[in-house]
Amino acid sequence: MPNIRHAMNVKREDDFAKWYQEVITAADMAEESGVRGCMVIKPWGYGIWERIQRLMDDRIKEAGVQNCYFPLFIPLANFEREASHVDGFAKEMAVVTHHRLIADGEGGLIPDPEAKLEEPLVVRPTSETIIGDAMARWTQSWRDLPLMINQWANVVRWEMRTRMFLRTSEFLWQEGHTAHANKEEALDETHRALEMYRACVEEDMALPVIAGEKPENERFPGADETWSIEAMMQDGKALQAGTSHYLGTNFAKAAGIQYQDREGTQQHCHTTSWGTSTRMIGGVIMTHGDDDGLRVPPRIAPYQVVILPMLRDKPEDEATLAYCEEVRAGIAAQFSMGEKVRVLLDKTPGKATAKRWDWVRKGAPVIIEVGPRDMENGKVAAIRRDKMWNMETGKLANSFPERSEFIESIPALLEDIQNNLFAEARDRRDANIKRGVTEWSEVSEFYKSAGKYPGWIEVEWSKPTGDALAKVVEQLKQEKLTIRNVPRGSAPATGKCIFTGDAAVERILIARAY
RNA sequence: CGGGGAGUGGCGCAGCCAGGUAGCGCACCUGUUUUGGGUACAGGGGGUCGGAGGUUCGAAUCCUCUCUCCCCGACCA
């Protein structure tokens, strides 16, 4: 192995948590805000979010779901209506109790005791209850169903321990809420949303995921069924990248979401909700990042190609810039993966060599450098970020293609990078799921000996409930493990439950998780 | 929220124990140099040392309170 001088100081294998934070700083994605658990998302990080938003939003609308916007504040009483929902969220809510500040007489400000709210308002941790109110107003007849709405919003959950993008007090997300005439239709929608997430996360973000149902103990508060997509990070931990819930008639009963069926009888709706958040960006970092920083999959890269002119403060700069502009225009006219190619000619003052490393850390998929000699030869110097090192020499693996040929190759090149990132992640995940484990001792042994970053294990179980399930959860906890999900479409169970010894009924994935 | 660690110019850190009025590397600015690749040299700008209060002639250094971040745990759709 040649000795490569990487663009970052921390390596994944040395300290994954520190590496993760370093990527966020080095790629200029986000920074601390000074407000507990809240971050400032900077242009490069927000640009990635905007790309995700656009691609996800297109998929949401394709399914006939319409966007709305509901209030940030929810009356406290809304949360008292659905018992398990209360239990799930009560401990982590931000509450607004006053509407005015007054001087405290010592140069500071305090909430005015005179301006105390009759009923406190909760800053939404999720919007089931307030959207449920609207649904109750909007559904009268079976003709109003299904009612399918989505909103892009910020939500607040007062988490004890936060991490940039993965778990912040305030985060950005989309939440879809639907109401249906019966269980079957609501379940169909639950699965349709889950499948939409799988497709978006795998195809757009290049994150391979396993879709499946969450066990009883991991259900969303108030849900009858919770489904998730789970991604494996490079440290072998699992990240829940999206969830879709079948809420039964729980919220419908709490909010009075009813309709008259064809026979004229009042019926409760069956509702669903589903969400994905800025947390997915954390997943992109921990899946595609490397020791040189971030690698952004082309579909969600704000800029897919960055052109760096080699300027020298001399008269020939003008010609170099003109040549770069031609290359830029040529690339901008290309279409890749169904969209116009997003290209930036970075004219920021500074040395091209220094700027190159900035873009490497940000993870622009393709970086081009153009100097006078390239111009003379009608060429460009190109680096593809996903394969930027020559492993023989330890030097940058740049190529010097002819200009017009290169421009025409861009669409295929971006698609290849997209596919390569996905394939790399999928192969790594598949290589790190251990199957065929039938004894609990093997599980503990695996996590003791599998090194610093163990992966997942698939086991069969008897799907215990209640106290028996609690016992299983406790047993897993001893190894810091959790049940991720019951993979959709996996082979039927054939053996015994690894926990109870009873006949197994299904397969589950267990893993350490974020 | 419990245990541990930490907050000093944009980033990474030293100084703190043994108080005396702020320093290093990178980055940044200027100049020279170099010019197919993260050039080198010289000069320079920027910090009321997280915040508040206290002890003291004097506080980045000592004491109290508080905010924020990181790690472990508890918690977590």
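Order of the sequence lines sets the chain letters (A, B, ...), proteins ahead of strands, with each chain counted from 1. Atom set for the values below is all heavy atoms of this structure, side chains included, hydrogens, waters and symmetry mates excluded.
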Please work out if [X] contacts a base, only the sugar-phosphate, or nothing of the nucleic acid, heavy-atom cut-off 4.0 Å.
{"X": "A/Arg163", "result": "sugar-phosphate"}
{"X": "A/Asn9", "result": "nothing"}
{"X": "A/Gly34", "result": "sugar-phosphate"}
{"X": "A/Gly37", "result": "sugar-phosphate"}
{"X": "A/Ser228", "result": "nothing"}

Which nucleotide in the set [options] lies at the smallest distance from any side-chain heavy atom of [X]?
{"X": "A/Arg312", "options": "B/C70, B/C71, B/U35", "answer": "B/U35"}
{"X": "A/Met160", "options": "B/C75, B/G38, B/U35", "answer": "B/C75"}
{"X": "A/Lys91", "options": "B/G36, B/C75, B/U68", "answer": "B/C75"}

Practice item. Kindly indicate whether a cation-pi arrangement holds for A/Arg192 with A/Trp274, taking the cut-offs as under 6.0 Å to the six-membered ring centre and within 45° of the axis. Key: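 Yes, a cation-pi geometry holds between A/Arg192 and A/Trp274.
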Check your understanding: Would A/Lys42 count as a cation-pi partner of A/Trp44, with NZ or CZ less than 6.0 Å from the six-membered ring centre and within 45° of the ring normal?
Key ->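 Here A/Lys42 fails the 6.0 Å and 45° test against A/Trp44.
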Check your understanding: Within this structure, what is the OH-to-C1' distance between A/Tyr514 and B/C71, rounded to whole angstrom?
Key ->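 That distance rounds to 13 Å.
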Exercise for review: Let me know the distance between OH of A/Tyr20 and P of B/C69, rounded to the nearest Å.
Suggested key: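 Taking OH of A/Tyr20 and P of B/C69, I get 15 Å after rounding.
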Check your understanding: Under 3.5 Å, side chain of A/Asp292 to main-chain N/O of A/Ala7, donor-acceptor pair present?
Key ->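 Such a contact is found between A/Asp292 side chain and A/Ala7 backbone.
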**Study point:** Atom NZ of A/Lys355: over 12 foreign heavy atoms under 6.0 Å
**Key:**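 It does: A/Lys355 NZ has more than 12 such atoms within range.
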